[in-house]
Amino acid sequence: MRVKITKPGIYGASGEIEVGTELTLKSEPKGWEGRYEIIQGDDDGKAAITANRDELKKQADELGVEYAKNISNEKLQELIDAKLAE
């Protein structure tokens, strides 16, 4: 899968990776939530869909979903999906 770094704070072996850098990874990185976007899905043919944290928070706010500031992106997406299913 290919990802693009969208926010600072991601570090490699030689220091911080510059915003805008595109990387090829074997799997979706854990701990980078909200700081990258998937630009090409993985090789299994499934479309990888992800939204960055700001987009999730904006959608949750528009739907009136209440959530803790430290909620994970995955859990926030679950709350949004549940609200949309109502």
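The figures that follow rest on heavy atoms only: side chains count, while hydrogens, waters and symmetry mates do not. Keep in mind that this is a model prediction, so the values were computed, not measured.
- With sequence neighbours excluded, the residues forming a salt bridge (Lys or Arg N to Asp or Glu O under 4.0 Å) with Lys75 are Glu78, listed by chain and number.
- Side-chain contact between Ile10 and Thr21 is absent, with no heavy-atom pair separated by less than 4.5 Å.
- Applying the side chain to side chain contact (heavy atoms under 4.5 Å, CB included) criterion to Asp61, with sequence neighbours excluded, gives Tyr67.
- Residues satisfying the salt bridge (Lys or Arg N to Asp or Glu O under 4.0 Å) criterion with Glu16, sequence neighbours excluded, are absent altogether.
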Dump the intermediate steps for side-chain hydrogen bond (donor to acceptor under 3.5 Å, both in side chains) on Gln77 and Asp81, then the final yes or no.
CA-CA 6 Å; Gln77 184 65 60; Asp81 292 344; 2.9 Å; yes

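- Interatomic distance, NZ of Lys57 versus CG of Asn73, reported as 9.5 Å (0.5 Å rounding).
- With sequence neighbours excluded, the residues forming a salt bridge (Lys or Arg N to Asp or Glu O under 4.0 Å) with Lys83 are Glu86, listed by chain and number.
- In terms of heavy atoms, Ile5 sits closest to Glu18 at CB-O, 3.9 Å.
- Residues satisfying the side chain to side chain contact (heavy atoms under 4.5 Å, CB included) criterion with Glu66, sequence neighbours excluded, are absent altogether.
- Crowding of Glu62 atom CD: a count of heavy atoms from other residues, nucleotides or ligands under 6.0 Å exceeding 12.
- Both Leu79 and Leu63 are assigned to one and the same hydrophobic cluster, defined by single-linkage of ILVMFWY side chains at heavy-atom distances under 4.5 Å.
- Partners of Glu33 according to the salt bridge (Lys or Arg N to Asp or Glu O under 4.0 Å) rule, which considers only residues two or more places apart in sequence or in another chain, do not exist here.
- Taking every heavy atom of both residues into account, Tyr36 and Thr6 meet most closely at N-OG1, 3.3 Å.
- No path of Ile, Leu, Val, Met, Phe, Trp and Tyr side chains, each step under 4.5 Å between heavy atoms, connects Val19 with Tyr11, placing them in separate hydrophobic clusters.
- Pairing each heavy atom of Ile39 with each of Val3, the nearest pair is CG1-N, 4.1 Å.
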